[in-house]
Engineer: 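The following block contains the structure, expressed as structure tokens.
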Protein chains: 2
Amino acid sequence: MEEKEISQAVIGRLPRYLRYLGELKDEGIERVSSQELSDIMQATASQIRQDLNTFGGFGQQGYGYNVGYLYDEIRKILGIDKEHRLIIVGAGHLGQALVNYTNFERRGFIFRGIFDCNPEICGEQIRGITVRPMEEMAGFIRENDIDIAVLTIPKTSAVEVAKKLSDCGIKGIWNFAHVDLPVPAYIQVENVHLSDSLMKLSYNLSSVREESEADRKVDGNGQNR
Amino acid sequence: MEEKEISQAVIGRLPRYLRYLGELKDEGIERVSSQELSDIMQATASQIRQDLNTFGGFGQQGYGYNVGYLYDEIRKILGIDKEHRLIIVGAGHLGQALVNYTNFERRGFIFRGIFDCNPEICGEQIRGITVRPMEEMAGFIRENDIDIAVLTIPKTSAVEVAKKLSDCGIKGIWNFAHVDLPVPAYIQVENVHLSDSLMKLSYNLSSVREESEADRKVDGNGQNR
DNA sequence: AAATTCTTGTCAATTGATTGACACAACCCT
DNA sequence: AGGGTTGTGTCAATCAATTGACAAGAATTT
């Protein structure tokens with residue numbers, strides 16, 4: 001399918017390009033040059049051109065990039081032009097919060113089922129979706145052609161559940177549990193380790209340099225450096 | 001304070017080291033070599049030594065690293081040996097989920113206040129913490145010596161609130177809103193862009209190579225590559 | 001229609017991160 | 001106490017990512 005391996009660094013920037021392109025589109029702007037994008041996004045124009053060119057020549061010399069076209073192409077590259085079917089495993093606070101966050105659905109990530117090991121909450125509805133017992137999970141995944149399982153369970157049971165998930169043919173796991181999941185390499189795992197993120201913030205707080213205290217200038221950019 | 005800039009790549013790995021060291025500690029293991037750590041963590045021994053050595057010589061030749069000592073030192077480096085005081089801005093599902101997630105408190109991140117612009121839910125209690133109106137936020141931050149604000153509000157109001165926060169002397173922002181925050185460089189921002197993460201997963205799903213389908217071997221590692 | 005400007009795609013240079021190799025210090029066993 | 005072993009700290013080499021530079025194609029102006 002692919003020729004050369006594309007670095008995760010590039011992939012990681014695509015959603016951000018998509019976000020800014022979406023904003024330009026909403027403003028009715030039809031064309032944009034790498035230089036203009038670079039100004040609003042706080043990235044080098046060279047990097048933008050390099051990144052986009054990894055996937056093909058989307059631009060045109062003397063013109064730049066067509067916003068709408070580029071937007072659609074990046075969506076295709078990311079595979080979000082098609083729907084994804086997800087289940088939540090773990091109906092705790094976080095699991096419920098994710099189900100209630102409608103933006104995912106708008107981007108084509110559809111929650112189809114919710115599973116929990118606590119029999120007391122099984123049968124309850126969250127945003128119209130019934131909470132089911134874990135025993136029904138394997139069958140549900142196969143019958144409903146589920147792509148992605150969202151793991152919002154404590155680390156203690158996460159490894160065991162991940163094993164179960166890989167046995168019944170899940171393709172990807174969005175892992176909020178604070179463990180590394182030992183799954184076969186053909187299953188994609190995307191970790192969201194919230195406490196790791198918070199610790200990084202903590203480090204950066206304590207290591208604020210004097211120099212930066214001195215010349216207090218606006219950065220204009222919010223992403224990780 | 002610091003001599004040479006330490007790369008975010010290194011910082012990003014420290015929480016993971018800490019996690020594995022904590023597990024070793026719980027198992028009662030007192031010493032570990034970079035080689036042993038490398039085996040369980042799926043990283044090269046060289047990288048582990050290089051990373052740790054960035055902050056000083058924690059190990060000893062012929063012995064390895066003392067698990068407890070190294071654990072404490074990494075905690076100090078990350079600045080999580082001291083308490084941090086946080087507020088949540090945005091008492092929606094996600095904000096509530098974070099408040100209810102007790103693991104943060106166990107690591108020294110203490111939620112002190114919750115703020116929301118919706119007057120209807122102001123006055124309510126979430127895990128013993130009263131939801132207050134946004135007008136009280138600036139005063140509260142100063143009076144309670146708040147370090148970190150957690151932004152769990154829609155992107156539409158995030159930039160405005162971030163401005164407010166930087167005006168009243170917040171040091172760090174843990175940003176769950178889907179925008180880049182234009183704050184002064186001396187304010188640390190750590191972004192958790194959930195939909196970006198989900199899009200990365202989507203990409204990796206669609207780009208699974210045939211080769212990896214072929215030789216289905218266990219990776220043993222769950223983190224991003 | 002020619003001249004000028006714009007702006008990509010791409011190659012080369014640089015910068016940064018990871019891995020490998022090894023000298024030497026500390027440990028452990030006899 | 002001495003010799004073999006272990007395993008760090010560190011330097012060098014490799015590998016990867018980012019930035020800079022520019023030729024050439026397309027658009028726009030005159």
Side-chain angles (χ1 to χ4, degrees), chain A residues 2-14 16-17 20-21 24 29-71 73-74 77 200 203 221 223-225, chain B residues 2-14 16-17 20-21 24 29-71 73-74 77 200 203 221 223-225:
Chain A
E2 240 90 288
E3 313 269 327
K4 62 230 156 197
E5 195 71 40
I6 290 162
S7 93
Q8 289 293 311
V10 176
I11 306 306
R13 284 190 291 266
L14 292 183
R16 192 153 173 268
Y17 292 139
Y20 280 92
L21 288 168
L24 291 174
I29 294 166
E30 277 181 11
R31 57 181 272 193
V32 70
S33 71
S34 58
Q35 186 56 58
E36 289 166 333
L37 251 186
S38 130
D39 290 340
I40 50 175
M41 286 191 57
Q42 199 78 354
T44 62
S46 185
Q47 179 167 74
I48 293 172
R49 289 205 299 278
Q50 188 91 277
D51 281 355
L52 296 180
N53 211 245
T54 315
F55 302 97
F58 299 132
Q60 201 143 50
Q61 284 142 322
Y63 175 87
Y65 299 89
N66 179 288
V67 173
Y69 173 68
L70 187 54
Y71 184 86
E73 287 301 312
I74 294 181
I77 293 165
K200 263 199 284 180
Y203 172 86
N221 180 13
Q223 91 261 7
N224 301 342
R225 268 157 300 242
Chain B
E2 240 90 287
E3 313 268 329
K4 61 234 155 192
E5 195 72 39
I6 289 163
S7 93
Q8 289 292 311
V10 177
I11 307 305
R13 284 190 291 264
L14 293 183
R16 191 154 173 267
Y17 292 140
Y20 279 94
L21 289 168
L24 291 174
I29 293 166
E30 277 181 8
R31 54 182 275 193
V32 70
S33 70
S34 58
Q35 185 56 58
E36 287 166 333
L37 251 187
S38 127
D39 290 340
I40 51 177
M41 285 190 60
Q42 199 80 353
T44 63
S46 185
Q47 179 167 72
I48 294 172
R49 289 205 298 279
Q50 189 93 278
D51 281 354
L52 297 179
N53 210 246
T54 315
F55 302 98
F58 299 133
Q60 202 144 49
Q61 284 140 322
Y63 174 87
Y65 299 89
N66 179 288
V67 173
Y69 173 68
L70 186 55
Y71 183 85
E73 286 302 312
I74 293 180
I77 293 164
K200 263 199 284 178
Y203 172 85
N221 180 14
Q223 92 261 7
N224 300 344
R225 265 155 302 240

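All chains are named by letter (A, B, ...) in the order of the sequence lines, taking the proteins before the strands, and each is independently numbered beginning at 1.
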Engineer: Please state how far atom CZ in B:R31 lies from atom P in D:dT6, giving the value in whole angstrom units.
Structural biologist: 11 Å
Engineer: I need the CD-C1' distance between B:Q47 and D:dT14, as an integer number of Å.
Structural biologist: 14 Å
Engineer: Can you name the residues that form a side-chain hydrogen bond (donor to acceptor under 3.5 Å, both in side chains) with A:Q35, not counting sequence neighbours?
Structural biologist: A:D39
Engineer: Looking at every non-hydrogen atom in both residues, tell me the closest pair between B:L24 and B:V67 and how far apart they are.
Structural biologist: CB-CG1, 4.0 Å
Engineer: Return the value, rounded to whole Å, for the distance between atom CG of B:L52 and atom P of D:dG9.
Structural biologist: 8 Å
Engineer: Looking only at side-chain N and O atoms, does A:R49 come under 4.0 Å of OP1 or OP2 in D:dC22?
Structural biologist: no
Engineer: How many whole angstroms separate atom CD of B:Q50 from atom P of D:dA12?
Structural biologist: 13 Å
Engineer: Could you tell me from which nucleotide to which nucleotide of DNA chain C, 5' to 3', there is an atom under 4.0 Å from chain B heavy atoms?
Structural biologist: C:dA17 to C:dC28
Engineer: Would you confirm whether B:E36, through its side chain, and B:S33, through its main-chain N or O, come within 3.5 Å as a donor-acceptor pair?
Structural biologist: yes
Engineer: Given D:dA26, is OP1 or OP2 found less than 4.0 Å from the side-chain N or O atoms of A:Y65?
Structural biologist: no
Engineer: Do the side chain of B:R49 and the main chain of B:G59 share a donor and acceptor less than 3.5 angstrom apart?
Structural biologist: no
Engineer: Round to a whole Å and report the spacing from CD of A:Q60 to C1' of D:dA26.
Structural biologist: 6 Å
Engineer: Supply the atom-to-atom distance B:Y17 OH to B:I74 CD1, rounded to the nearest 0.5 angstrom.
Structural biologist: 8.0 Å
Engineer: Between B:Q61 and A:G62, who's closer to the 5' end of DNA chain D by nearest nucleotide?
Structural biologist: B:Q61
Engineer: Go through the structure and list residues passing side-chain hydrogen bond (donor to acceptor under 3.5 Å, both in side chains) with B:E73, not counting sequence neighbours.
Structural biologist: B:K76
Engineer: Mind calculating the distance between CG (A:D51) and C1' (D:dA16) to the nearest angstrom?
Structural biologist: 14 Å
Engineer: Select base, sugar-phosphate, or nothing to describe what A:S46 touches, counting heavy atoms under 4.0 Å on all strands.
Structural biologist: base
